[in-house]
Amino acid sequence: MLNETQIEQYFEDGYVIPDYRIPEETILAIQDRHTELLRSYPEFRDYCPAILQYDEGFADFCRNSKILNMVEQLIGPDIALWNSSFFAKPAGNGKATPWHQDGEYWPIRPLATCTVWVAVDDATRENGCLQIIKGSHKEKRLLKHETNPSKELTLNQELLASEFDESQAVDLVLERGQISLHDVFLAHGSDPNTSNKPRRGMTMRFMPMTSVFDHELAREQYKNMHVPDHSERKIFHMRGSDRSGKNKLVFESG
């Protein structure tokens, strides 16, 4: 569980690095499953925006009760997993991720998600760890983005430079097995990996079920913004109940 100070940090800074570490055997299992994914889908060498679409077995890692306990402290007891991504960032030429807010891409209304970022490798300044702007989430609004179609980037929506102060960036250095949690409005990005060490990271996207995942809005975003197509996402029930009454949930069998 997060302590009081850590909860305060999440709401004040937009992120927190808990004391918890994912067991090494679980990290190895994630690593092995990702290797198998790349054998079938080599196009995801740098970034897979929706690994559950190709292998729902990754959802098992997201059912970690200790992680869900922490997420519950931040977004409440009614939780759905709506997506999981994999940022592989291979050694030598791993792609950068532009400065952005996650919510720019996501068809969730009201906009709300707690992202759990899992370090499958050590994430360092040298291999392109996540960078964030503390407190950039506090106004709870989307800043101005523009489309950047560069093939050297994992994502195509980039914050306008006038919308944030990059000199205030903080590095989220993590050791293998550590996690961070961040808010949907937090401005963040990462540099390319030019080091000789990979920087693999898996994300778990948890939304409170007071919000609705809007599949029709997802189709519009895909058509108009050319962002990843979220319209066919399965929404996995994790805890509690659907307070909105409008989410199409996938429940665990048994």
Indicate yes or no: at least one non-hydrogen side-chain atom of K95 is less than 4.5 angstrom from one of Y47.
no
Check: Q9 side chain, V16 main-chain N or O, donor-acceptor pair, under 3.5 Å
no
Would you check if the side chain of R199 reaches a backbone N or O of N127 as a donor-acceptor pair within less than 3.5 Å?
no
To the nearest 0.5 Å, atom NE2 of H230 lies from atom CD of Q53 at 10.0 Å
In terms of heavy-atom contacts, R125 and V173 come closest through N-CG2, 4.5 Å
Evaluate the criterion side-chain contact (heavy atoms from CB on, under 4.5 Å) for residue pair F61 and I67; output intermediate values, then yes/no.
CA-CA 10 Å; F61 303 120; I67 289 177; over 6 Å; no
Donor-acceptor check, side chain of D122 to backbone of R176, threshold 3.5 angstrom: yes or no?
yes
To which residues is I17 joined in a hydrophobic cluster, defined by side-chain heavy-atom contacts under 4.5 Å among Ile, Leu, Val, Met, Phe, Trp and Tyr, whether direct or through other members?
Y15, W117, L130, I132, V170, L172, L174, L186
If I take atom CG from residue L153 and atom OG1 from residue T97, how far apart are they, to the nearest 0.5 angstrom?
7.5 Å
What one should report as the nearest heavy-atom pair of I133 and E166 is CD1-CA, 4.4 Å
For H237 and S241, the nearest pair of non-hydrogen atoms, with its separation, is NE2-N, 4.4 Å
Answer yes or no: is there an ion pair linking R33 with D55, defined by an N-O contact shorter than 4.0 Å?
yes
Heavy atoms of S84 and R205 approach each other most closely as N-CG, 4.4 Å
How would you list, by chain and number, every residue that makes a side chain to side chain donor-acceptor pair (under 3.5 Å) with T210, sequence neighbours excluded?
none
hydrophobic_cluster_shared for L160 and Y105, side chain cutoff 4.5 Å
no
Side chain to side chain donor-acceptor pair (under 3.5 Å) with K138: which residues, sequence neighbours excluded?
E12
Counting only N and O atoms by type, is there a donor-acceptor contact under 3.5 Å from the side chain of N156 to the main-chain atoms of P149?
no
Quick one: which of H100, Q101, Q131 gives a side chain to side chain donor-acceptor pair (under 3.5 Å) with H188?
H100
With sequence neighbours excluded, give me every salt bridge (Lys or Arg N to Asp or Glu O under 4.0 Å) pair touching residues 217-239.
E56-K234, E72-R239, E216-R219, R219-E232
E152 and P192, any side-chain heavy atoms less than 4.5 Å apart
no
With sequence neighbours left out, the residues meeting ring pair (Phe, Tyr, Trp, His ring centres under 6.0 Å) with H34 are F86
For the residue pair N69 and Y20, confirm or rule out a side-chain donor-acceptor distance under 3.5 Å.
no
Which distance, rounded to the nearest 0.5 Å, do you find between the CZ of F87 and the OG of S190?
7.5 Å
Short side-chain donor-acceptor distance under 3.5 Å, D165 and S167
yes
Give me the ring orientation class for W99 and F164: parallel if the planes are under 30° apart, tilted from 30 to 60°, perpendicular past 60°.
tilted
Report yes if some heavy atom in the side chain of E126 is under 4.5 Å from a heavy atom in the side chain of K197; otherwise report no.
no
Does CD belonging to E4 count more than 12 external heavy atoms closer than 6.0 Å?
no
Would you give the length of the straight line joining atom CG of D78 to atom CG of D242, rounded to the nearest 0.5 angstrom?
8.5 Å
Minimum side-chain heavy-atom gap C48-Y54 below 4.5 Å
yes
Polar side-chain atom of Q178 near backbone of E175 as donor-acceptor pair, under 3.5 Å
yes
Of the non-hydrogen atoms in D46 and N93, which two are nearest, and what is the gap between them?
OD1-O, 4.2 Å
Where do M204 and M238 land on the side-chain contact (heavy atoms from CB on, under 4.5 Å) test, with the steps shown first?
CA-CA 12 Å; M204 306 172 182; M238 293 281 122; over 6 Å; no
Would a 4.5 Å heavy-atom cut-off, applied to side chains only, mark P98 and N148 as touching?
no
Using 0.5 Å steps for rounding, measure from the CG atom of L155 to the CG atom of D102.
8.5 Å
Within one Ile-Leu-Val-Met-Phe-Trp-Tyr cluster: M207 and F251, side-chain cutoff 4.5 Å:
yes
E139, CD: over 12 other non-hydrogen atoms inside 6.0 angstrom:
no
Run the side-chain donor-acceptor check on residues 106-113: report pairs under 3.5 Å with partners two or more places apart or on a different chain.
residue, atom, partner, partner atom, Å
R109, NH1, W106, O, 3.1
T113, OG1, W82, NE1, 3.2

Main-chain N/O of P49 paired with N83 side-chain donor or acceptor, under 3.5 Å:
yes
Is any NZ, NE, NH1 or NH2 atom of the basic residue among D121 and K89 found under 4.0 Å from an Asp or Glu carboxylate oxygen of the other?
no
Nearest heavy atoms of A91 and N196, plus distance in Å:
CB-C, 3.5 Å
Passes side-chain contact (heavy atoms from CB on, under 4.5 Å), M1 versus Q73? Steps please.
CA-CA 8 Å; M1 301 287 283; Q73 289 178 283; 3.6 Å; yes
Could you go through the side-chain contact (heavy atoms from CB on, under 4.5 Å) check for L142 and E104 one step at a time?
CA-CA 7 Å; L142 292 178; E104 180 70 10; 3.9 Å; yes
Does H182 use its side chain to pair, donor to acceptor, with the backbone of G14 at less than 3.5 Å?
no
Are any non-hydrogen side-chain atoms of I51 and F44 less than 4.5 angstrom apart?
no
To the nearest 0.5 Å, how far apart are CG in L37 and CD1 in I30?
13.0 Å
Salt bridge D183-K140, side-chain N to carboxylate O under 4.0 Å:
yes
